[in-house]
Protein chains: 2
Amino acid sequence: MDGYGQYFKALRESKGATLREVERQTDVSNAYLSQLESGKVKQPSPNTLYRLAKFYQVSYEMLMEKVGYPVSKSNALPKDQSISSAAKNKLGEISNEEEVELLQYLKFIRNRKS
Amino acid sequence: MDGYGQYFKALRESKGATLREVERQTDVSNAYLSQLESGKVKQPSPNTLYRLAKFYQVSYEMLMEKVGYPVSKSNALPKDQSISSAAKNKLGEISNEEEVELLQYLKFIRNRKS
DNA sequence: TAGCTTTGCTTGATATCGCAAGCAATAGAT
DNA sequence: ATCTATTGCTTGCGATATCAAGCAAAGCTA
């Protein structure tokens with residue numbers, strides 16, 4: 001039903017921040033953040049996305065694209081590219097052990113579908 | 001008080017188009033276009049701006065900026081991150097949904113010890 | 001146990017987007 | 001002069017973004 005709600009939640013929790021912590025740093029209310037993460041928001045404004053992008057240290061354009069806004073240039077870019085960079089940002093500090101587990105889990109995910 | 005309203009009107013008139021002509025080509029209602037040109041709209045959505053940009057043959061980003069949305073002129077993120085190229089290669093093609101699951105699983109891994 | 005604090009969440013309110021429908025003025029055609 | 005189509009515009013409305021306030025559960029602390 002919702003797509004990027006889970007993503008924002010994962011972003012926040014991977015940073016170990018609370019809703020109110022994000023609120024303090026971004027001036028986006030914890031009420032709205034909660035709705036955002038539970039899929040009750042359709043398209044947060046670019047202004048909001050920009051604040052979150054800076055706090056979570058991910059690409060603003062990537063967030064724009066993720067919530068469905070047109071992003072002129074990256075129309076030509078494959079979608080996996082921006083996702084890859086997002087993953088790179090979030091997974092950039094993983095240890096070798098964690099990497100192995102993630103890769104195994106990725107296999108598990110993919111086998112689960114077919 | 002109205003900044004870009006005049007601009008949109010100038011764009012349309014320079015093309016010799018009527019409100020309803022623009023409506024036909026962009027699926028933006030003539031009612032809304034009228035409000036837009038008379039400064040009664042604060043921030044038209046990126047979706048709307050994109051349609052108008054294409055019709056008027058101007059830059060989408062320029063319109064975004066004109067209306068007051070943040071436009072990251074320079075990428076806030078470095079291109080190359082200190083991630084193992086192995087993981088980068090293997091994770092480079094993960095999908096949207098897979099990324100979410102991986103981030104959640106990574107959080108699970110890290111909390112498993114405590 | 002009782003009392004603060006934190007955390008995620010819900011709810012009511014406000015503001016804006018964007019449109020369908022309609023209106024007054026103008027232009028053209030007969 | 002009358003009819004018809006076009007044009008710009010206003011208005012009322014549903015949908016959505018965003019927040020302030022508050023609430024219940026859980027965690028600390030005394």
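So that the names make sense, note that chain A is the first sequence line, chain B the second, and so on, each numbered from 1. Bear in mind the structure is a predicted one, so any value in this text is a computation, not a measurement.
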In the structure I gave you, are the side-chain heavy atoms of [X] and [Y] within less than 4.5 Å of one another anywhere?
X: A:Thr26; Y: A:Lys54; answer: no
X: A:Tyr50; Y: B:Val71; answer: no
X: A:Leu19; Y: A:Arg12; answer: yes
X: B:Thr48; Y: B:Leu52; answer: yes
X: B:Lys15; Y: B:Gln57; answer: yes

Whole-Å gap separating [atom2] ([N]) and [atom1] ([X]):
X: A:Leu19; N: D:dA26; atom1: CG; atom2: P; answer: 17 Å
X: B:Leu33; N: D:dC9; atom1: CG; atom2: C1'; answer: 12 Å
X: B:Asp27; N: C:dG18; atom1: CG; atom2: P; answer: 13 Å
X: A:Arg12; N: C:dT7; atom1: CZ; atom2: P; answer: 10 Å
X: A:Glu37; N: C:dT7; atom1: CD; atom2: C1'; answer: 12 Å
X: A:Phe8; N: C:dG8; atom1: CZ; atom2: P; answer: 17 Å
X: A:Gln43; N: D:dA15; atom1: CD; atom2: C1'; answer: 13 Å
X: B:Leu36; N: C:dC17; atom1: CG; atom2: P; answer: 9 Å

D:dT18 OP1/OP2 closer than 4.0 Å to side-chain N/O of A:Thr48 =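 Indeed, a polar side-chain atom of A:Thr48 lies that close.
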N/O (side chain, B:Lys40) to phosphate O (OP1/OP2, D:dT10) under 4.0 Å |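 So the side chain of B:Lys40 is within the cut-off, an N or O lying under 4.0 Å from OP1 or OP2 of D:dT10.
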Protein and nucleotides 20-29 of chain C: nitrogen or oxygen contacts under 3.5 angstrom:
{"from": "C:dG22", "atom 1": "O6", "to": "B:Arg20", "atom 2": "NH2", "distance (Å)": "3.4"}

Would you indicate what [X] reaches in the nucleic acid, counting non-hydrogen atoms under 4.0 angstrom: base, sugar-phosphate, or nothing?
X: B:Asn47; result: nothing
X: B:Ser34; result: base
X: B:Ser45; result: sugar-phosphate

Do any of residues 52-59 of chain B sit with a heavy atom less than 4.0 Å from DNA chain C, and if so which?
->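 Nucleic-acid contacts, sorted: none.
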Between the main-chain N or O of B:Asn30 and the side-chain N or O of B:Glu23, is there a donor-acceptor pair closer than 3.5 Å?
->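 Checking the backbone N and O of B:Asn30 against the side chain of B:Glu23, a donor-acceptor pair under 3.5 Å is found.
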Could you check whether the rings of B:Phe8 and B:Tyr56 sit parallel, tilted or perpendicular, using 30° and 60° as the cut-offs?
->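 Rings of B:Phe8 and B:Tyr56: tilted, 30 to 60°.
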Passes salt bridge (charged side-chain N to carboxylate O under 4.0 Å, His left out), A:Glu21 versus A:Arg24? Steps please.
-> CA-CA 5 Å; A:Glu21 176 64 21; A:Arg24 270 170 229 127; 2.9 Å; yes
Taking atom NZ of B:Lys66 and atom CG of B:Leu49, what is their separation to the nearest 0.5 Å?
->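 Between B:Lys66 NZ and B:Leu49 CG, I get 12.0 Å after rounding to 0.5 Å.
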